[in-house]
There are 2 protein chains.
Amino acid sequence: MSTSDRLIESTRELLWERGYVGTSPKAILERAGAGQGSMYHHFKGKPDLALAAIRRTAEELRAGAERVLGGPGTPYERIEAYLLRERDVLRGCPVGRLTMDPDVVASEELRAPVDETLDAIRELIAGIVEEGKEQGQFAPSLDGEEIAATVLATVQGGYVLARASGSPAAFDAGVRGLLSLLAPR
Amino acid sequence: MSTSDRLIESTRELLWERGYVGTSPKAILERAGAGQGSMYHHFKGKPDLALAAIRRTAEELRAGAERVLGGPGTPYERIEAYLLRERDVLRGCPVGRLTMDPDVVASEELRAPVDETLDAIRELIAGIVEEGKEQGQFAPSLDGEEIAATVLATVQGGYVLARASGSPAAFDAGVRGLLSLLAPR
DNA sequence: GTCTATATAAGGATAGAC
DNA sequence: GTCTATCCTTATATAGAC
């Protein structure tokens with residue numbers, strides 16, 4: 001792995017663990033085993049490196065979600081698979097957590113990949129819900145976009161509850177509750 | 001307002017805006033219009049002051065939620081009132097956001113009020129759902145604890161989606177989606 | 001109780017040698 | 001491309017005057 005790659009990977013880890021504000025160039029360099037010079041040679045500075053890291057993380061998250069949501073099964077089963085997917089619950093969402101970072105939200109550039117990723121996943125789910133409505137699996141009264149927002153929010157909020165309590169139980173409970181509401185009878 | 005109170009209030013604001021990691025004593029002092037000495041006279045340091053601020057914020061949030069959830073109406077109506085309650089969506093939840101703060105989660109003391117508050121609200125909602133089941137307003141197959149987690153998660157995750165997109169729309173969509181799933185027919 | 005030094009470390013970046 | 005040296009600012013805390 002190139003030095004540039006190691007820098008990006010270290011930044012990704014730290015952004016996930018400590019967020020943008022809580023991540024210092026020094027910590028990144030130590031984790032990557034690189035010196036100051038390397039970082040400022042490959043990147044303009046902390047925001048530039050963070051942008052590269054965020055883009056890579058966002059891309060990965062999106063690809064994973066597309067894989068699960070695009071899998072086999074009925075619309076309900078695909079949403080179920082997404083919700084029950086294996087997750088490192090207590091670590092939270094590496095993309096969603098960035099929305100609590102004031103400097104990320106304040107930067108049009110840093111926020112863009114976060115927004116686009118969550119939006120893309122939302123659209124995917126919305127399409128699946130509409131599909132389920134056509135097939136009679138979901139009530140016609142449901143709105144695809146709204147349910148998609150509910151699904152994503154339950155996941156993102158589940159991380160919050162889990163981290164507050166220090167246990168994944170609350171995340172699982174929220175997901176089960178949502179599935180019980182969505183379940184085709 | 002006493003100096004001690006001004007320090008706590010300034011800290012509350014900053015914790016909400018920038019989180020624990022992103023809040024410096026210096027910023028607190030400037031906002032409170034106090035000097036270094038005052039802060040270290042009234043509090044042992046940043047963690048101690050933050051604890052006082054978090055406790056006050058948590059207490060307020062809990063009281064507000066209890067007021068809305070304990071209001072008049074059927075179980076569904078009370079949950080609806082909670083979900084549709086006026087919120088400063090783009091600012092996010094002053095308590096929930098702390099779960100993304102590594103230093104808060106790492107501290108048993110700082111995390112406790114966060115956990116207790118969210119848990120208390122969860123229990124309140126769970127009780128209301130059980131009540132609704134008895135009254136036949138909610139399906140007997142629903143689990144109060146699970147639905148409560150879903151409701152809270154939708155709110156907490158709604159903030160994430162809203163902040164990602166820079167608009168409250170996603171929060172509102174998630175809430176409407178959840179209400180459409182919960183709606184007694 | 002509050003203020004103004006003062007202190008040590010860390011944050012973030014640049015310069016220039018190799 | 002990478003390293004070390006250096007720089008200025010901020011973070012967090014202590015000391016001691018008023």
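In what follows, every chain begins at residue 1, and chains take the letters A, B, ... in the order their sequences are listed.
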Could you give the CG-to-C1' distance, from A:Leu7 to C:dG12, as a whole number of Å? 15 Å
For the pair made of CE in B:Met39 and P in D:dA11, what is the distance, rounded to whole Å? 12 Å
Please identify each residue that fulfils salt bridge (Lys or Arg N to Asp or Glu O under 4.0 Å) with A:Asp143, with sequence neighbours left out. none
Got a salt bridge between A:Glu59 and A:Arg56, using NZ or NE/NH1/NH2 to carboxylate O under 4.0 Å? no
Do any side-chain nitrogens or oxygens of B:His42 fall under 4.0 Å of OP1 or OP2 in C:dT2? yes
If the threshold is 4.0 Å, N to carboxylate O, is there a salt bridge linking B:Glu130 and B:Lys133? yes
Rounded to the nearest angstrom, tell me the gap between atom CG in A:Leu49 and atom P in C:dG12. 12 Å
OP1 or OP2 of D:dA13 under 4.0 Å from side-chain N/O of B:Tyr40: yes
Testing D:dT2, C:dG12, C:dT2 for proximity to the side chain of B:Ser38, the answer is C:dT2
Expressed as a whole number of angstroms, how long is the span from A:Lys26:NZ to D:dA11:P? 16 Å
Kindly compute the distance separating NE2 (B:His42) from OG (B:Ser2), expressed to the nearest 0.5 Å. 7.0 Å
With the threshold set at 4.0 Å, does a side-chain nitrogen-carboxylate oxygen contact exist between B:Glu116 and B:Arg55? no
Measure CG/B:Leu29 against P/D:dA13 and give the value in whole Å, please. 11 Å
Rounded to the Å, how far apart are B:Met1 CE and C:dG1 C1'? 17 Å
Check nucleotides 4-7 of chain C for protein N or O atoms closer than 3.5 Å to its own N or O atoms and list the pairs.
none

Given C:dG1, D:dT12, C:dT14, the nucleotide with the shortest approach to the side chain of B:His41: C:dG1
Atom CD1 of B:Ile28 to atom C1' of C:dT2: distance rounded to whole Å? 17 Å
A:Tyr20: which residues meet the ring pair (Phe, Tyr, Trp, His ring centres under 6.0 Å) condition with it, sequence neighbours left out? none
Under 3.5 Å, sequence neighbours excluded: what are the donor-acceptor pairs made by side chains of residues 84-93 of chain B?
{"from": "B:Arg87", "atom 1": "NH1", "to": "B:Tyr159", "atom 2": "OH", "distance (Å)": "3.2"}
{"from": "B:Arg87", "atom 1": "NH2", "to": "B:Tyr82", "atom 2": "O", "distance (Å)": "2.7"}

For A:Ala27 and B:Ser4, find the nucleotide of DNA chain C closest to each by heavy atoms; which residue's nucleotide sits nearer the 5' end? B:Ser4
CG of B:Leu14 versus C1' of D:dA11: gap in Å, rounded? 14 Å
Mind checking B:Ser2 for me? I need base, sugar-phosphate or nothing, with any heavy atom below 4.0 Å counting as a touch. nothing
Does a nitrogen or oxygen in the side chain of B:Thr3 sit under 4.0 Å from OP1 or OP2 of C:dG1? no
Side chain of A:Pro47 (C-beta onward), nearest among C:dA13, D:dT14, C:dT2: C:dA13
Mind listing the side-chain donor-acceptor pairs of residues 28-36 of chain A below 3.5 Å, one per line with the distance, residues two or more places apart or on another chain?
{"from": "A:Arg31", "atom 1": "NH1", "to": "A:Glu13", "atom 2": "OE1", "distance (Å)": "2.8"}
{"from": "A:Arg31", "atom 1": "NH1", "to": "A:Glu17", "atom 2": "OE2", "distance (Å)": "3.1"}
{"from": "A:Arg31", "atom 1": "NH2", "to": "A:Glu17", "atom 2": "OE1", "distance (Å)": "3.2"}

Pair B:Thr74-B:Gln137, side-chain donor/acceptor within less than 3.5 Å: yes
Judged by modelled atom types alone, do B:Thr23 and B:Arg18 share a side-chain donor-acceptor pair under 3.5 Å? no
At 10 degrees resolution, what angle do the end axes of the helix from C:dG1-D:dC18 to C:dC18-D:dG1 form when each is taken over five base pairs? 0°
